[in-house]
Every structure is written in C-alpha cells, then in structure tokens.
K.L.:
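The structure follows.
Every chain is numbered from 1 and lettered A, B, ... according to where its sequence line falls, protein lines coming before strand lines.
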There are 2 protein chains.
Amino acid sequence: MGRRRVTLADVAKATGVSTTTVSLVLAGRGAELRISDDVQRRVRSTAQELGYRRNTLSVGLRTGHTQTIGFVSDTVASSLLAGNMIKGAMEAAHQRGFMLFCGESGGDPDVERALVEAMHDRRVDGIIFAAMYTRTVAVPEGLDDGPAVLLNALPAAYSPVPSVLPDEVEAGRAAARILVDAGHREGVHLVGAGPGLDDVPPNSIAARERLIGMLQVFEAAGVEVVSAHQCPKWMPEDGYDATREILRHHRPRALVCLNDRLAFGAYQALAEAALSVPDDVSVVSYDDHPIASWVRPRLTTIALPHHELGAKAVEVLFAASERRRRTKSAPVVHRVPMSVQLGESVRTVPAPSR
Amino acid sequence: MGRRRVTLADVAKATGVSTTTVSLVLAGRGAELRISDDVQRRVRSTAQELGYRRNTLSVGLRTGHTQTIGFVSDTVASSLLAGNMIKGAMEAAHQRGFMLFCGESGGDPDVERALVEAMHDRRVDGIIFAAMYTRTVAVPEGLDDGPAVLLNALPAAYSPVPSVLPDEVEAGRAAARILVDAGHREGVHLVGAGPGLDDVPPNSIAARERLIGMLQVFEAAGVEVVSAHQCPKWMPEDGYDATREILRHHRPRALVCLNDRLAFGAYQALAEAALSVPDDVSVVSYDDHPIASWVRPRLTTIALPHHELGAKAVEVLFAASERRRRTKSAPVVHRVPMSVQLGESVRTVPAPSR
DNA sequence: AATTGTAAGCGCTTACAATT
DNA sequence: AATTGTAAGCGCTTACAATT
C-alpha cells in the first residue's frame with residue numbers, strides 16, 4: 001500500500017520493450033526464445049532498479065499456480081512438536097519460493113471442510129492435511145480436488161491421498177531393543193497402552209504400531225511383559241497413576257512409557273516411592289518432547305521426526321503435483337524413521353545366570 | 001483441480017442474467033442497487049446449486065483485497081506458547097473470513113524481509129510481526145508498506161507500527177503481591193534476572209518489566225530481595241544452577257522465577273536439597289507453560305495471554321486498515337492483562353511479630 | 001424511476017503475428 | 001531466421017450506459 005507497486009508494464013516502458021519481452025526474460029525463458037543478451041540485461045537491470053516484484057495474484061489467475069500451499073491441522077497449540085512439523089514444512093516450502101497458509105480445525109469436520117475450501121478459493125497448489133498425533137483421520141471432502149498429502153495420519157477409509165508418517169513399528173522395536181540389549185529380561189511394564197493391540201487411545205496409530213514393534217522384539221528375546229496399562233490421555237498425571245498402580249503389585253525393573261509426558265508422571269511416582277532411575281528402574285519412552293531432556297536423569301526416548309515429516313510432506317506434495325493425470329495407483333504411504341535419543345534412564349543389567 | 005471450477009459467468013448464464021447482477025447480488029449489494037427480489041433469489045439458488053465459490057485471486061487482483069493476512073514470527077517451534085498466539089490470531093482471522101499466511105524467520109533479518117516481501121507479493125491485507133518472547137525487535141523494511149502490527153514486541157527504533165503485548169509490569173506486581181499477601185517478608189530471591197533492571201536477557205522486555213513491577217511492590221511492602229540471579233537462557237538447567245547457587249549461601253523462603261522452566265529447574269534443586277515446596281520454600285513464576293501444571297505441587301504462575309494476544313493483534317490490524325490515510329498519530333501500544341494461575345506452590349506465612 | 005447490461009481494467013502469460 | 005510486439009484472456013468489480 002502507500003506507494004503504487006511497480007508493474008510489468010512499468011518495467012517494459014522504462015526499458016523500452018514490450019511486456020512480452022519483460023515477462024519472458026524475467027521468467028528465465030529469454031534464452032529459449034532468443035531474446036538478445038543486450039535486451040535481457042537491460043530488462044533485468046531496470047526491473048531491479050524499479051524494485052519490480054511479480055504480482056502473485058495475477059500470475060495465479062493467469063496460470064493457475066500461486067506458489068502457495070495450504071497446511072490444515074487439527075491443533076497446533078496442544079503440542080509444540082507440532083510446531084516443528086509446521087516448521088519443517090515451511091522451510092521446505094520456502095526453499096522453493098512457496099508460502100504456507102495455515103489453518104487449524106480443532107478437529108471439527110465442518111471447520112476442516114471450510115478451511116480446505118477457503119484454501120482452494122485462494123488457489124493453493126496443494127494441501128497438507130496434518131494430525132498432531134499419529135492417527136487415522138476422515139479425509140475431508142474436497143481435499144482431493146487438488147494435490148494433497150496426509151501428514152502424520154492415515155485415511156480412515158480408502159482415499160487416493162498419499163500419507164507421510166513416522167515409522168512407529170520400527171520405533172517400537174528400537175525401544176524394546178534398548179531394554180533387551182541392556183540385559184533386561186524381567187520386570188518389564190508398559191505405561192500408556194496394551195496389553196492388547198486394541199488397548200490404545202482412539203484411532204491412535206502410534207500406540208498400536210509401537211506395541212506391535214515392541215511385542216515382536218520382546219517375544220523374540222523371550223521377555224515377558226508383566227503388565228500393561230492403557231491410559232486415556234497420555235499426560236503426566238496418567239503416567240503417575242499407572243505407575244502407582246504398577247508399584248502396588250509389582251517391583252518393576254523397567255518401564256516403557258508410550259510417550260515422554262507419561263514418563264514424566266512415572267518419574268514422579270517412582271520418586272515418591274523412593275525408587276531411583278535408572279538404578280532401580282529403567283525408563284524408556286517415545287517422542288523426544290523437550291521434557292525428556294529436562295528431567296534428571298535425562299530420558300532415553302525414541303524421537304518423533306517432526307521436522308522431517310513436515311519437509312517430507314512438502315516433497316511428496318510436489319511430486320504429486322508433477323505426477324498429476326498419470327494413472328492412479330494405490331495411495332502411497334511414506335514412512336520417516338524415528339531415531340533413538342540416548343539419555344541416562346536405562347541401566348545395564350549384569351548378564352543373567354545361564 | 002480435476003473438474004473446472006464454476007465461475008461467475010457460469011452462474012450468470014445458468015440464471016439468465018448478466019455477471020454484473022450476479023456479482024452485485026453475491027456481494028450483498030443487491031438491495032442497495034435495487035435488484036428485484038426474484039432475481040436475487042434465483043441468483044443465489046443457482047450459485048448454490050452449481051457450488052459457486054468466488055475466486056479470491058481475481059477479486060484480489062481487481063479490488064486489492066485478498067482476505068488474507070500474513071503472520072511472520074521468529075520461531076514457532078521453540079515454544080508452544082507461541083502456538084497459542086498463532087491459534088488466537090487464526091481464529092480471530094477465520095471468524096472474519098480471513099486466512100493466515102505463516103512464515104518463520106528464525107530471527108534472520110534477511111529471511112524476515114524475504115517473508116514480508118513474499119507476503120506483499122501475495123497482496124496480504126496486513127502483516128502481524130510476532131516475537132516469541134516479549135522483546136524489542138528491529139522492524140523489517142517494507143513491513144509498513146501496508147497495515148502491520150507488532151505482536152509480543154516493541155520496535156527497537158521509532159516505528160509507526162502499533163504493538164500488542166502483555167502487561168508485564170502489572171504481572172510483576174501480581175507475582176510480588178502473591179508473596180507479600182501470603183505474608184512473605186524475608187528470604188525472597190529472584191531466579192532469572194536482576195538485581196538491576198539491565199540484568200536481563202538481551203532485548204527482553206518481559207524480564208525488565210516484570211522486575212519493575214516486582215520491585216515496586218516489594219519496596220512498598222518493605223520486602224528486601226536478598227539475591228537475584230540473571231540467567232542467560234531461562235531453561236530448567238539455568239534455574240537449577242541458580243537455585244543451587246542460592247542454596248550455597250542462603251536459606252531461601254521464597255523464590256520468584258522469571259518463567260516456569262526456570263521454576264522447574266528450581267524444583268529439582270530444591271528437591272535435591274531436601275527442601276519441600278511450599279512448606280520450606282514458596283515458588284512463584286511466570287508464563288503458565290504446561291510444565292506449571294505438571295509439576296507437584298502445581299506452580300502458581302502469572303499466565304501469558306497468548307491466545308488473547310494473537311486475537312488482539314488481528315483486531316488491531318483490522319482497525320489499522322480501516323483507519324488508513326488518517327493523520328498519523330503516535331504509534332499505539334496495546335497491553336493485554338496477564339492472569340494469576342493459582343497452584344499450590346505458595347505457603348501462607350504466619351503473621352510476623354510486630 | 002426502477003432495473004439490468006456493456007465494457008473496461010486489475011497484472012500478468014502466451015499463442016500468434018509482425019518486423020527486420 | 002532471429003528477434004520482438006499485439007492482443008486475448010484468466011475471473012472478477014464497477015462506472016456508466018441502456019432498457020423498460
């Protein structure tokens with residue numbers, strides 16, 4: 001606002017050429033269309049001098065491309081891990097000159113649909129539909145009117161939209177392996193989910209797949225999971241309660257908490273019972289929430305790759321845009337590896353007698 | 001993509017009227033321009049049937065308004081409180097049919113400028129420039145090419161851009177009052193900043209103003225602050241170290257921590273020293289970070305009104321857009337009140353002997 | 001006077017024509 | 001053949017004209 005912005009026509013007039021020429025040169029198609037070097041140079045320098053910037057709206061209106069992608073999430077606020085996902089997407093997008101529209105639905109399907117529509121009204125080049133904890137989602141109608149990606153989510157029903165999510169099964173294996181490798185064979189308890197694969201928070205993919213991975217490794221190593229405690233909310237309080245419950249009946253040697261907040265609650269219950277981590281009880285958890293590095297001793301946790309997830313979603317989105325109109329194949333699921341963050345919460349157990 | 005979108009012309013043709021009529025009716029100017037009720041009804045119903053949606057790009061190109069605002073922040077990821085600020089802004093914007101472009105600069109002035117430009121290229125109707133902790137910022141060039149608001153920040157040099165930020169001085173008073181009202185007169189220590197008003201993290205407004213408010217109340221009540229410890233980063237570790245330092249020389253009765261993460265570290269140091277909160281030491285802090293309700297006993301903390309800040313910024317932005325071209329007055333600073341979140345971390349001290 | 005339509009123009013891109 | 005320009009059109013809004 002304020003001063004009128006410089007247009008293509010201004011640049012053309014100042015250079016003494018047509019708008020076609022300026023447009024071609026600035027779009028980098030000068031060589032291709034054999035605009036003379038001299039003209040190209042003059043165009044570029046006047047554009048620079050005048051401070052010309054393309055009007056994305058008019059380009060969008062003309063070409064259908066707006067260098068913009070939409071990011072619809074259920075919540076950004078509840079988890080700052082989510083912030084990293086958005087950040088990853090933003091950076092990847094920004095690298096290619098794209099901007100991100102952000103919208104938060106609060107999980108309300110009506111709001112989801114409204115956001116998707118509002119973004120299409122603005123002619124986004126694609127939409128990332130993100131869940132803030134790994135779960136199945138109902139794909140909102142209209143999402144697949146353009147390129148789209150599901151982030152940290154899998155479609156509840158069939159959908160042609162590809163997905164990007166963490167490799168939770170492998171993360172489950174990694175967590176179990178940490179305990180097994182440290183020599184733990186007995187007194188292993190789960191906090192947050194289990195014992196059955198359906199004893200998980202609603203729609204949670206993370207819980208289910210982590211369980212699958214853990215049970216594989218524990219079974220293979222002959223480790224029996226003594227008890228498992230499904231928690232509804234995975235907050236510190238829930239971890240605290242579950243751990244107290246465990247302590248009422250058992251003398252645990254190792255706790256696998258399904259996320260770091262549960263583990264934080266477990267720490268509190270253990271401290272109250274005068275049990276020390278890791279000397280009395282080893283603790284492993286998931287997510288690499290900041291709290292994991294704040295507690296003492298620091299938690300060993302399997303990190304959610306939020307940043308990579310966001311970046312990968314953008315990448316998949318671009319690939320999808322390019323691959324448009326090709327024969328539809330089965331929707332693709334991309335898995336991003338989760339990495340072990342070593343803390344000091346696991347004790348190495350002396351080799352058992354054989 | 002896929003099926004072509006319905007245009008105004010499609011609606012006009014289907015209704016059997018001109019595009020002018022459709023445009024007027026759909027813009028709600030039908031009555032004003034005396035379009036007959038019958039025609040209005042027909043236009044609306046065909047628009048509905050065909051699923052017509054206005055192309056925001058072409059409207060923007062034509063009118064200069066895009067129903068879009070830009071949100072540029074230094075970091076979204078480092079603090080989830082920030083998430084609430086964005087959320088507040090998004091909700092306020094969405095209520096008026098606006099969408100938010102989100103960009104993160106990482107504090108890099110070049111990126112800031114690039115983001116501001118990219119948003120102006122897309123003809124945003126205004127820009128919110130946000131800091132994730134309350135501080136002074138260099139206003140990026142080009143920000144005031146259109147309506148703009150500084151959120152959670154004050155301009156380092158003169159700038160006509162209005163600001164929205166928390167009422168930190170009053171928050172400082174509130175924190176001190178809690179201790180004073182609980183009868184604390186002795187053994188009060190500060191963790192995170194002070195004793196001087198310049199002993200604060202770089203550019204921090206929060207620290208400085210909280211100090212101002214606290215010292216006012218403490219002085220008025222005749223309370224001496226025994227020691228104050230400036231911390232560079234306000235992370236749990238820093239609070240832990242500072243508290244240990246205090247414990248080496250003093251037997252504190254009350255700690256004011258300049259944020260909840262510092263307080264979390266303080267809790268750890270106190271626990272190690274076998275001092276209990278609040279029986280031995282009262283603790284008050286700021287922010288209402290989630291950790292405040294996770295620790296036991298829950299922290300009494302002065303909450304940052306992130307959500308309201310975000311919403312207020314949008315409101316101020318709209319007001320600014322409407323008030324354009326009026327005589328420029330001094331830039332306005334809007335203060336949003338911070339509220340006390342009561343935990344159980346403050347002990348009531350028996351009335352002192354007089 | 002009441003009601004509706006014509007046409008220009010926002011700032012670009014691009015098919016095609018025109019010039020040397 | 002090499003180089004550049006003309007003009008249409010993307011989908012709207014709105015000044016103004018035109019019709020009854």
Side-chain angles (χ1 to χ4, degrees), chain A residues 1 3-44 46-47 50-68 97 120-123 125, chain B residues 1 3-44 46-47 50-68 97 120-123 125:
Chain A
M1 216 162 276
R3 51 184 184 280
R4 190 173 82 66
R5 295 192 47 134
V6 178
T7 71
L8 236 207
D10 296 329
V11 177
K13 188 145 57 128
T15 322
V17 297
S18 73
T19 57
T20 309
T21 306
V22 177
S23 175
L24 258 20
V25 170
L26 263 28
R29 299 181 57 197
E32 174 192 338
L33 286 157
R34 279 170 300 237
I35 309 274
S36 66
D37 283 354
D38 175 53
V39 169
Q40 293 214 39
R41 221 172 302 119
R42 279 164 48 215
V43 167
R44 279 187 227 282
T46 34
L50 299 181
Y52 171 70
R53 307 216 93 221
R54 263 230 281 290
N55 182 327
T56 310
L57 295 186
S58 77
V59 174
L61 183 57
R62 181 59 229 238
T63 67
H65 301 123
T66 52
Q67 307 278 94
T68 297
H120 278 149
D121 289 348
R122 287 162 178 77
R123 294 300 184 275
D125 296 318
Chain B
M1 215 163 274
R3 49 184 186 278
R4 189 174 82 65
R5 293 193 48 136
V6 177
T7 71
L8 237 207
D10 295 332
V11 178
K13 189 148 53 130
T15 322
V17 298
S18 73
T19 58
T20 309
T21 306
V22 177
S23 175
L24 259 21
V25 170
L26 264 26
R29 300 181 55 197
E32 173 193 340
L33 285 158
R34 279 170 300 239
I35 309 275
S36 65
D37 283 354
D38 174 53
V39 169
Q40 293 213 40
R41 221 173 303 118
R42 278 164 50 216
V43 166
R44 279 187 227 283
T46 35
L50 299 181
Y52 171 71
R53 306 217 93 219
R54 267 234 276 291
N55 182 329
T56 310
L57 296 186
S58 77
V59 174
L61 182 59
R62 181 59 228 239
T63 67
H65 301 122
T66 52
Q67 307 278 96
T68 298
H120 278 150
D121 289 350
R122 287 164 179 77
R123 295 299 183 276
D125 297 318

K.L.:
Scan side-chain atoms only and decide if B/T20 and B/S23 contain a donor-acceptor pair under the 3.5 Å cut-off.
P.N.:
no
K.L.:
Looking at every non-hydrogen atom in both residues, tell me the closest pair between A/T56 and A/T66 and how far apart they are.
P.N.:
CG2-O, 3.4 Å
K.L.:
How many Å lie between CD1 on B/I35 and C1' on C/dA1, as a whole number?
P.N.:
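Roughly 15 Å, once rounded to whole Å.
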K.L.:
Roughly, in whole Å, what's the span from CZ in B/R62 to P in C/dG9?
P.N.:
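It works out to 10 Å between those atoms.
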K.L.:
With a 3.5 angstrom cut-off on both distances, give the Watson-Crick or G-U wobble partner of C/dG11, or none if there isn't one.
P.N.:
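By the stated definition (distances under 3.5 Å), D/dC10 pairs with C/dG11.
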K.L.:
Got a second to check how far A/R123's CZ is from A/D121's CG, nearest 0.5 Å?
P.N.:
7.0 Å
K.L.:
From CZ of A/R29 over to C1' of D/dT4, roughly how many Å is that when rounded to an integer?
P.N.:
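The answer, rounded to whole Å, is 14 Å.
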K.L.:
Can you find a side chain N or O atom of A/T21 that sits less than 4.0 Å from OP1 or OP2 on D/dT4?
P.N.:
no
K.L.:
Would you please confirm or rule out a distance under 4.0 Å between OP1 or OP2 of D/dT4 and any side-chain N or O of A/S36?
P.N.:
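For D/dT4, OP1 or OP2 has a side-chain N or O of A/S36 closer than 4.0 Å.
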K.L.:
OP1 or OP2 of C/dT13 less than 4.0 angstrom from a side-chain nitrogen or oxygen of A/S58, does that happen here?
P.N.:
no
K.L.:
Please give the nucleotide sitting opposite C/dA18 as a Watson-Crick or G-U wobble pair, both distances under 3.5 Å, or none.
P.N.:
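By the stated definition (distances under 3.5 Å), D/dT3 pairs with C/dA18.
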K.L.:
For the pair made of CZ in A/R54 and P in D/dC10, what is the distance, rounded to whole Å?
P.N.:
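Whole-Å distance recorded here is 20 Å.
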K.L.:
Using the side-chain heavy atoms of A/T19, tell me which of these nucleotides is nearest: C/dC12, D/dT13, D/dA7.
P.N.:
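Out of C/dC12, D/dT13, D/dA7, the nucleotide with an atom closest to A/T19's side chain is D/dA7.
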K.L.:
What is the nucleic acid contact for A/S23, judged by heavy atoms within less than 4.0 Å: base, sugar-phosphate only, or nothing?
P.N.:
base
K.L.:
Does any N or O donor sit under 3.5 Å from an N or O acceptor when you compare the side chain of A/S18 with the base of D/dT6?
P.N.:
no
K.L.:
State whether B/R5 places a side-chain N or O below 4.0 Å from either non-bridging phosphate oxygen (OP1 or OP2) of D/dC10.
P.N.:
no
K.L.:
Could you state the atom-to-atom distance from CZ of B/R123 to C1' of C/dC12 in whole Å?
P.N.:
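Rounded to the whole Å, the gap is 11 Å.
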K.L.:
For B/L57 and C/dG9, what is the distance between atoms CG and C1' respectively, to the nearest whole Å?
P.N.:
17 Å
K.L.:
For the pair made of NE2 in B/H65 and P in D/dG11, what is the distance, rounded to whole Å?
P.N.:
22 Å
K.L.:
State the CG-OG1 distance between B/L24 and B/T19, to the nearest 0.5 angstrom.
P.N.:
10.0 Å
K.L.:
May I ask you to verify whether the side chain of A/T20 and the base of C/dT13 hold a donor-acceptor pair under 3.5 Å?
P.N.:
no
K.L.:
Return whichever of B/L24 or B/L61 has its heavy-atom-nearest nucleotide of DNA chain D closer to the 5' end.
P.N.:
B/L61
K.L.:
Taking atom CG of B/D10 and atom CZ of B/R5, what is their separation to the nearest 0.5 Å?
P.N.:
11.5 Å
K.L.:
Which residue, B/G16 or B/T63, contacts DNA chain C at a nucleotide closer to its 5' end, judged by nearest heavy atom?
P.N.:
B/G16
K.L.:
Starting at CG of B/L8 and ending at P of C/dG9, how long is that distance when rounded to a whole Å?
P.N.:
20 Å
